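One structure is given here, and the rest of the page talks about it.
Proteins get letters first, then strands, A, B, ... in listed order; numbering begins at 1 in each. Because the structure is predicted, anything quoted here is derived from the model rather than measured.
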Amino acid sequence: MSSLAATERQGWVGRVLLVLGPVLLALVITSGILVLAGANPQATLLKLLAGSFGTAVKRADVAVVWVSLVICTAGLLVSFTAGQWNIGMEGQIVMGAIVATWVGRQFVDISGVLERGAPLLVIAAMVAGGICGGVVWATAAGALKVLGKVHEIFAGLGLNFVASAASIYLIFGTWKQKSGGTLSGTVLLDEQLWLPTLQGLRASPYSLGLAVVVVAAVYFALRGTLWGLQLKAVGRNLRAARTLGVATHRVLFSAYAVCGACAGLAGAVLVVGVHHRLIPGISSGHGFMGILIALLSGFQALYIAPIALFFAALSIGSIALQLDLKLDSSLAGVVQGVMVLCVLLVQGVRQWRSGGSGT
Amino acid sequence: MKIELREIHKRFGAVHANAGINLSVGTGTILGILGENGAGKSTLMKILSGYFHPDSGGILLDGAAVRLRTPADALRHGVGMLHQDPLDFPPMRVLDNFLLGREHQFWQRRSAARADFDALCSEFEFRLDPDGFMFDLTVGERQQLEIARLLWLGARVLILDEPTTGISANQKVKLFATLRKLAAQNKTVIFVSHKLEDVEGLCGRVAVLRRGALVGEAQPPYTTAGLVQMMFGQALAVGVRPAAPLGAPQLELRGAEFAGEHIVLRNVDLTVAAGEVVGLAGLEGSGQQQLLKGVAGLVALGKGSLKIGGRDLSQASYKEFLAAGTAFMAADRLEEGMIAGLTIEEHMVLARRGKQPAIVDWAVARTAAQAGIAEFNIKGAPASVVEGLSGGNQQRALLALLPPALKLLAMEHPTRGLDVESAIYIWSKLLMRRAEGTAILFATADLEELLRYSDRVLVFFAGEIMAVLRAADATVEQLGALIGGKQK
Ligand SMILES: Nc1ncnc2c1ncn2[C@@H]1O[C@H](COP(=O)(O)OP(=O)(O)OP(=O)(O)O)[C@@H](O)[C@H]1O
Ligand SMILES: [Mg+2]
């Protein structure tokens, strides 16, 4: 990954420029698209802003998405450092949500009322279960890659498909509500099993805290630990890393496992903190968005938080566009896509200008 | 084409790699460039071929000032370069590689290209199969292909950065014939090398760089002593190899078989004692690499048995080999030896054997790196990324990474890319290890080096050990004949 090498060695000024430049470029291009679509760019962008930060409720909604994105991206940073494209993150989130729900369901009756167990312990068990689910699913992708020599992108896509099919099967089959399977998901779990949220809002201070802890842990692990260095070594040159004595298989597996743990955690948080049940498509593309955020951050943990905030705001804000301006909310996707292309463009131009390198 | 370089400056951070170099090269000459490791030779050549931009200074080709923005741009002006460390090649056919870089021609006329390819090959007597695969080519053949390709793309200036490391004696003869022919066709050749005898035999003029500056030029007849004096500012004494008593067997192979990708080495019986140096001779890819990697645990033993220091490691993992005290040093420095993008101190941490704290103590790592840098006289800092080091300094870093007190050390081309002085110094270090009881196996294409430093020489031919010689009794001529496959 040469872009990784190139971006790592710049000061923060260069870094900030590298992030802001493409953002501005993306804004210009998006405005162009909006004009073509017959909308007023200024009004749309203001609406987008109001739609994401206008009220406390909206800010809380942004925070909910932010938590999920930050946790996922932190995990992806680990796998990217090891040179692995963990496209399977989506499936790992779903798997985390499935296992977390399963654990929760062991303690409730058929209508979701808590039957036994201390609520806090059950929540903890659900989160732990979710993490395990993510780890298992990621390790499967890792095993296919490392032992089966299946490219991780195909392995990941396949496992994503299986996980999402499994969730649909559970929702409309095994875990069907009394009234029958519905798109709204499985039965709502007892309110005692919900992560406490801020007064009247959807955001939970606990999940926010969790996200911060995860990013900090990844930041530190990649910078300061032997494991972080080994990940980097394996990601850049597997053969040489092995010759130098790095246990390459173990390091690769650990990268998948940690990334999967983050995905599973994100999935569990979506269950205990947001939806309180398993719903179809619970991962809502956060795994893929995490990949974009990781690319934009130049694989630097420090920049994840602000970029994820931008993405979260975009997703929530674009809902307002749909309601008020009758613009489809897929506009958010367009903006995100354009952004990533702009970043890659700016990086490419920089690399090209600084000339090739050699011995 | 006449080349003039005017006041070329290039800095990498604090390093002044080229400090105001003025040099002109006339049409039809072969210019040799000499200089110690890190003198700035590759940098200057990369500037001339568009890979680097000078910080200041100008380039004139046939009297006209040019700006070479990219290698392709340089090639358009007729300047082509063969690199010191060619990159690894994708699984690609020879003809496809030949076609790379052809511009403004979406629709490749393969038949026409093939005809050109054949014509070039027959002109220079290269035997290359256009439908063969790149990874089947030896280093020397890749070089021939690259020369053909650059000429086809219109190169009138050909720059070769250390082209004679890793190619066989025959290929070297052919390469020199080719370069002479090119010079006779009024092309300009620039030849960067550490091998004084190559430069003396080939070049019509020599320029010497030291610490980024041009310190002198020479015309034939050259004297080796004079060139060495110019390169290092002092005369050099070739190290003598003190006798060392042999100890207990460190390596024992019985009926060993090692399978490589293209070649299988069969039925090897070999015992190497502590303090013994065994040189592996043979054409590139005759099985030396399988043996070296095999005894270091990087290629699995197919049949037979293998003992290190008396312990049976026939079925052992690479980790167990490392724990037993073996090490392998690869010829492909940035492919297999070190990790581009990581610094010297990071490599120090990775290469440390045994238990290490989970949280890296960077102060300790830095101290270790500084010690290695001082001991091996590396031009670089603990925080320098390894790909920023000059070729010879990468080689020193690789040596600095070897753990102390090894039982067995297996090396491919241990002095590849080192200047004369460094090669002598590195061997003095290796001989110290030998005195401490390390068994050393090394492969090299340099016959003098083989005979000077080995106790025994194994001659490889097509996956077999053809002969075992006592180095003290063998001659370069004898060895050369055996390498070519001729029986005694
Ligand atoms: N890309 C780079 N980044 C940083 N420093 C570099 C880079 N390329 C070269 N240098 C530094 O410039 C100096 C000259 O390097 P150069 O590769 O030109 O040496 P050289 O004469 O070719 O040596 P060698 O014989 O070892 O190949 C060295 O100190 C090296 O560390
Ligand atoms: Mg060089």
Quick one: pull up CZ in A:Arg236 and CD in B:Glu346 and give me the separation to the nearest 0.5 Å.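 Nearest 0.5 Å value for the CZ-CD distance: 8.0 Å.
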Kindly compute the distance separating CD (B:Glu336) from CG (A:Asn237), expressed to the nearest 0.5 Å. 8.5 Å
Count the heavy atoms of every other residue, nucleotide or ligand shown that sit under 6.0 Å from CZ of A:Phe288, and state whether that count exceeds 12. yes
Would you say B:Phe12 has more than 12 foreign heavy atoms packed within less than 6.0 Å of its CZ?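 Yes, CZ of B:Phe12 has more than 12 neighbouring heavy atoms, counting only those of other groups under 6.0 Å.
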Looking only at B:Ala358, B:Ala351, B:Pro403, most heavy-atom pairs under 4.5 Å shared with chain A are made by B:Ala358
Report all side-chain donor-acceptor pairs from residues 208-231 of chain A shorter than 3.5 Å, counting only partners two or more places apart or in another chain.
residue  : atom : partner  : partner atom : Å
A:Tyr219 : OH   : A:Arg223 : NH1          : 3.4
A:Thr225 : OG1  : A:Ala221 : O            : 2.6
A:Thr225 : OG1  : A:Gly228 : N            : 3.0
A:Trp227 : NE1  : A:Ser254 : OG           : 2.7

If you look only at pairs with a residue in residues 350-364 of chain B, which of them pass as a salt bridge (Lys or Arg N to Asp or Glu O under 4.0 Å), with sequence neighbours excluded?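 Residue pairs passing salt bridge (Lys or Arg N to Asp or Glu O under 4.0 Å), neighbours aside: none found.
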Heavy-atom distance under 4.5 Å between the side chains of A:Lys232 and B:Ile339, does that happen here?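 No, side chains not in contact.
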Where B:Leu350 and A:Ala233 come nearest, the two heavy atoms and their spacing: CD1-CB, 3.5 Å
So for B:Pro357, is it side chain, backbone, both, or neither that comes closer than 4.5 Å to the heavy atoms of chain A?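 Backbone only.
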